[in-house]
Amino acid sequence: MARYPTEPLKCWAKAKELRDGFYRDFEQAHDKGGIRCIGSAWALDAVTMGLGGDVYWVTGEPYGASCAYNRSLSAEFMTAAENFGFSRDLCSYMRNYWGSIISNKYPFGGPFPKVDFAYTQHICCSHAKWYQNACELEGSDIPLYVIDVGAGAYPPFEPEMYEHRVRYVADQMLDSIEWMEKVTGRTYNDELFLEACWNDMRTTHTWAKVCMLNRAVPAPLDEKSIYSLYVLGTLQKSRGEFADFYEELLEEVEGRVERGIAAVGNEQARVMTDAQPPWGFLKIYRYLEAWGAVSIGSLYTFGLEGMWLYDEGENDLRPRPMPTERPRSREEACMMLADWHLSKPEYQHFYSPEYKTKMMDAIAKRWMCDGIIMHYNRGCEGLSVGIAENRLGLLKRGNKVMTYEGNMGDEREFDLTATETRFDIFLEGLGLKRPEG
Amino acid sequence: MIEKFQEWYANRHEYQREYKERTGNKIVGYFCTYTPEEIFYAADVLPVRILGSHEPQDVTEPHIFSMFCPFCRDVLAQGLKGKYDYLDGITIGQSCLHLRQTFTSWELHRNPGWSYFLHMPNHVQSKRAIPFLVEEYRLLIKKIEELAGKEITDDDLRQGIDIMNKVRRVMKEIYEFRKKDNPPITGTEAMYMTCAQFFTDAREFLPVAEEVKRGLTARRLDRDQGKRIMLIGSENDDIEYINMIETLGERESVGCTVVVEEHCTTTRYFWDEVDTDIDDPLRAIAERYVLRTPCPSKDWPKRSRLQRILKLAKDFRVDGAIIIQQKFCDPHEADIPFIRRFLEDNGIPTYFLEFDVTVAAGPFAIRTEAFLETLEAEEDLF
Amino acid sequence: MIIAGIDCGAKNTKTVILKEGSIIGKGTTLTGFDQVSAIKGSLDAALKDAGIHARDVDNISGTGAGMEEIKDADLKVNEIKAMAKAANYLFPSARTVTDVGAEMGRAAKIDENGKAVDFAINEKCAAGAGAFIEAMARALEVKLEEMGPMAIQSNKSIPMNAQCAIFAESEVVGLIHGKIPKVDISKAIHDAMASRVVSMIRRIGVNEDIVMIGGCGLNPGFVDSLKNQLEIDKVYIPDDPAFGAALGAAVVLKEEA
């Protein structure tokens, strides 16, 4: 019962190719004399790029999600982590990651590639501990640098962006450059860093613009596809080919909007979600589609890597404009990048759930959602912080909200049948009809 | 001799209400020991730490997702049930995500009219942490001045430092007695004391503690110390459990005495003093909180707690360590496998218990007893 | 018009016969493994109770965990919708309804038309449903139906944490060894279970009037604990609370027909 024309994304294959290439580069890094680096998807990876064009990354969260997607392998990793003594309720990406090191298996084939150093950031309690333990599990000679970004919320959630807060983050970045020179023995190249810094901002800015296009009815993108696209930003924001790809994607999605191409031909209702899905069960999105519901995205897919600013007066969320000029020095780039990332939407709720509620409400209203589906995700404390208050706040602002409990990376904590029953109840409440058959 | 502390522990609300009436001072509740109490004292505002009640409750479910620790929910329940309606403000020094939700939900639903989230840096091993924290303290001071209606001078800050340092010092002197054979003070008694610090004005706590210290020289306890045990882990003021294991010896063939703990209710809280040789008092306070024995959420990239724990274990001559973890406490969960390996490698047997503040301690008795028996067996080998 | 509403639950299958909007018959059977025969059994019992034949029934409406097995159903109604309608039908002033059955607890916030505007489900933990009391009755070695009446004889409050039925059982064993009277333990068990249910209800908000359906509505000990913890004077419970969802399914069909 298609109401709208639909067609596959032309750049789909390229996204997959870029992703595969990224993991392959990491695996083969040492063959080419390059450097392997690990860290969070929120790490300020641009700073490492001053070491040369041959620094190859793996980021922990998408890596953990990739493990989770392979349910039998994930089960093996979970058991390995538990046998080591790690509690079952810790972050499930982290347990997949540690389990992968302990089992010495790389989900893309072969043994776990030993890394040269870890470079990450910290805002969730688990961030630094993740790599502290990973480095120890790999052998205690692996150096670790962590940048604390828990320096405070960004305006309008704070009256102003105090200079000392930006400087705190920027100074740690500057310190990390000296540290990297020491642990790698390489000389740092500022030009390469400035370029990577600009690419980082280009990637995260362009991604937000892509998400803006999903305000259109019908939505040109559905969240399940968005997952395959946003991931590039989580892999490495500062990688030029990813920034270029997002610009290409933007163009294609603009074309879809102009031509009225829908992601889900049967779009009758629009929903949004909250945080990571249970990665081993992405078919829940197909289930929603069968009912005629398209998930247009979430603060998670929009703002995990995309850069936005919230407008309090308009209750609107808009892409943060690119700086007017490129940074000219190492110091300038560090300050610019620190300020840029401190405004990340997904950093704000670490200080108060109200900030996230406001941004989610703006998405619900501006992207014209009929309902909000929240995943009480037992696998991620960082993005579950304040979730219960978000629910209350969204209800108070007149939204229809449903919740389901699960785990992004540990399938033992997700009940598919019970979740589908909840969807039925909720979607019926939105006025949709149960699909035939 | 510790009756006064027991009374303060049991009747914290009565004390605080009465204190407010008697002194006219304002009271601010805080949730985590990364709150700089010195600055509050400087403003004539009494900082009191809010702990849980250890009772099951059903009021926090709409506010905090159940995968967060029972402690943070228990503490929030105190607020939602109106037990702290006499507070003038609430505050938190940024630490774990769990407890931060207690603060934010309290702020949303039981706001006493003044609340402040202090951005305590996480990267305490970075040289950038202290200057950052000094600036954050300046923002905090402005906000406290609004509450207190007075300006905070450097002399006020020095006064606050003096108040806190004196209590820390007497507590450490009291802990010295626990290094002795057959310590004249039990772990249960010590826990009443350390927690009473949270609930009272340090100036009123101090003379009572001093008196205890004097009394300990002559005090002999008519009990067998049994095994000397160290407790390590997350927030813990589970006096019922400590008392239960310390009285095992009266009923069973093995007994024990808790001689030292590494908890944020005990040594992590009071062990470190502010360095009064530093000229700028604000910087001195910042340095104290950045360099203090860290919560595991801030203990990176180096795991500095290991050496600190080992030193305590050696100084207090422990036979074994019980690792107590608040259920769902992620920062501790990330440290525990490494702490256990490290202690075992250093000849200190460990036993792990996952606690839920609102669950009865009873079932833990048998497990603790079994652990103590293994310590007994190890000695037989030699 | 005669409608049969069938609720195929985890433990029992219940049928209500509605004629022109009034209840004329009810029937129940144990669900067991064979849901199809349980459905037939409860329908037959209800028909007999109403004094009518199967051919007299115009439409069938189904709900419950096993509703897919109600092959003759003209309409399948989700459990939340069914309980919301039942509450509205029985007590039009109802704004909150909770259904506490053998294996599951649910709650819904409803409007004046009996439409659910928010809902919560406790699906993973037996500690918030009837099976919990059953397991604890075994530990105490008393009959299930004695548990509630025992509990209301006690005025003690012993904290017990029903985070998990297994741990709760070891707590109960501890209390038995501690020579705590059974009436007090029974009350502690009911308080613990009610605390789970109340937590769930608080998620959607406590708005009076509050209606309770489901088999646990027959347990006076549980109802008492529930009222105390909700801090309200009255919980509205129909005479046959176990038939609530079956009735709701029938009412939904009647309104949509």
Side-chain angles (χ1 to χ4, degrees), chain A residues 84-87 89-91 94 118 122-133 135-136 143-153 162-165 167-172 174-175 349-354 376-379 381-382 384-389 391-393 403 405 407, chain B residues 60-69 94-98 100-101 103-105 107-109 117 119-129 131-136 138-139 295-303 325 327-341 352 354:
Chain A
F84 188 83
F86 291 117
S87 177
D89 54 89
L90 279 169
C91 163
M94 195 159 85
H122 183 91
I123 191 163
C124 164
C125 296
S126 294
H127 279 142
K129 307 304 278 186
W130 181 332
Y131 300 94
Q132 181 180 43
N133 291 353
C135 288
E136 197 151 330
L144 163 68
Y145 200 92
V146 188
I147 292 173
D148 177 16
V149 293
Y162 301 100
E163 206 236 335
H164 74 271
R165 292 186 175 168
R167 184 158 296 286
Y168 171 56
V169 177
D171 283 346
Q172 291 175 79
L174 289 169
D175 292 346
H349 72 275
F350 284 95
Y351 310 101
S352 167
E354 277 293 278
Y376 275 40
N377 177 3
R378 300 192 83 90
E381 59 159 345
S384 297
V385 164
I387 191 168
E389 292 292 356
R391 175 184 163 273
L392 290 177
T403 63
E405 209 170 294
N407 190 312
Chain B
T60 57
E61 181 74 18
H63 306 285
I64 300 184
F65 175 21
S66 62
M67 69 172 259
F68 291 94
C69 81
Q94 170 167 277
S95 59
C96 72
L97 302 185
H98 299 246
R100 166 176 327 189
Q101 292 177 102
F103 171 78
T104 52
S105 285
E107 192 181 42
L108 277 168
H109 304 286
F117 183 111
H119 297 87
M120 172 69 207
N122 298 306
H123 198 177
V124 292
Q125 293 176 21
S126 160
K127 65 181 180 203
R128 309 296 182 175
F132 170 75
L133 185 54
V134 168
E135 291 307 313
E136 289 298 321
R138 291 194 209 284
L139 294 174
C295 164
S297 71
K298 297 187 192 295
D299 198 23
W300 47 262
K302 207 168 152 268
R303 214 184 303 272
Q325 181 225 311
K327 194 172 180 168
F328 303 136
C329 173
D330 303 76
H332 280 276
E333 285 173 350
D335 263 5
I336 285 170
F338 298 97
I339 288 179
R340 293 194 71 181
R341 279 171 171 76
F352 171 71
E354 186 185 73

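Below, read A as the first sequence line, B as the second, and so on, with proteins coming before strands; counting in each chain starts at 1.
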A/Y145 side chain vs A/Q172 backbone, donor-acceptor pair below 3.5 Å: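 Answer holds: yes.
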Main-chain N/O of A/G386 paired with B/Q101 side-chain donor or acceptor, under 3.5 Å: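 Indeed, once roles are kept as given, a pair shorter than 3.5 Å links the two residues.
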Report the option among [options] that has the most heavy-atom pairs separated by less than 4.5 Å from atoms of chain A.
| options | answer |
| --- | --- |
| B/I336, B/D330, B/T104 | B/D330 |
| B/F328, B/F132, B/F117 | B/F132 |
| B/P296, B/C329, B/C96 | B/P296 |
| B/F103, B/W300, B/F68 | B/W300 |
| B/K302, B/R341, B/Q125 | B/R341 |
| B/E107, B/M120, B/K127 | B/K127 |

Shortest non-hydrogen separation from A/A388 to B/F65 and the atoms involved: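 Scanning both residues, the minimum pair turns out to be CB-N, 4.1 Å.
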Below 4.5 Å, heavy-atom pairs only: which of [options] has the largest tally toward chain B?
| options | result |
| --- | --- |
| A/L392, A/I147, A/T403, A/D175 | A/D175 |
| A/R391, A/E354, A/E381 | A/E381 |
| A/S126, A/A118, A/C91, A/G150 | A/G150 |
| A/S352, A/G382, A/G393, A/A151 | A/A151 |

Which portion of [X] sits near chain B, non-hydrogen atoms under 4.5 angstrom:
| X | result |
| --- | --- |
| A/L90 | both |
| A/S384 | both |
| A/R165 | both |

Check each atom of [X] against the heavy atoms of chain A and say whether the ones under 4.5 Å are side chain, backbone, both or neither.
| X | answer |
| --- | --- |
| B/R128 | both |
| B/E135 | both |
| B/S66 | both |
| B/S126 | side chain |

Heavy-atom side-chain proximity of A/H164 to B/E136 below 4.5 angstrom: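 SC-SC contact between A/H164 and B/E136 confirmed.
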A/K129 with B/D335: basic N within carboxylate O range, under 4.0 Å: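 B/D335 and A/K129: salt-bridged.
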Pair B/H109 and B/H63, ring centroids less than 6.0 Å apart: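 Ring-ring flag for B/H109/B/H63: true, centres closer than 6.0 Å.
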Within the 6.0 Å centroid threshold, strictly below: B/H119 and A/Y351: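 They qualify: ring centres under 6.0 Å apart.
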Chi angles and distances behind the side chain to side chain contact (heavy atoms under 4.5 Å, CB included) call for A/V385, B/H98: CA-CA 8 Å; A/V385 164; B/H98 299 246; over 6 Å; no
Derivation and outcome, side chain to side chain contact (heavy atoms under 4.5 Å, CB included), residues B/M67 and A/D89: CA-CA 8 Å; B/M67 69 172 259; A/D89 54 89; over 6 Å; no
Full working for side chain to side chain contact (heavy atoms under 4.5 Å, CB included) between B/F338 and A/Q132: CA-CA 11 Å; B/F338 298 97; A/Q132 181 180 43; over 6 Å; no
CA sep, side-chain torsions, deciding dist, call: B/L108, A/E389, side chain to side chain contact (heavy atoms under 4.5 Å, CB included): CA-CA 9 Å; B/L108 277 168; A/E389 292 292 356; 3.8 Å; yes
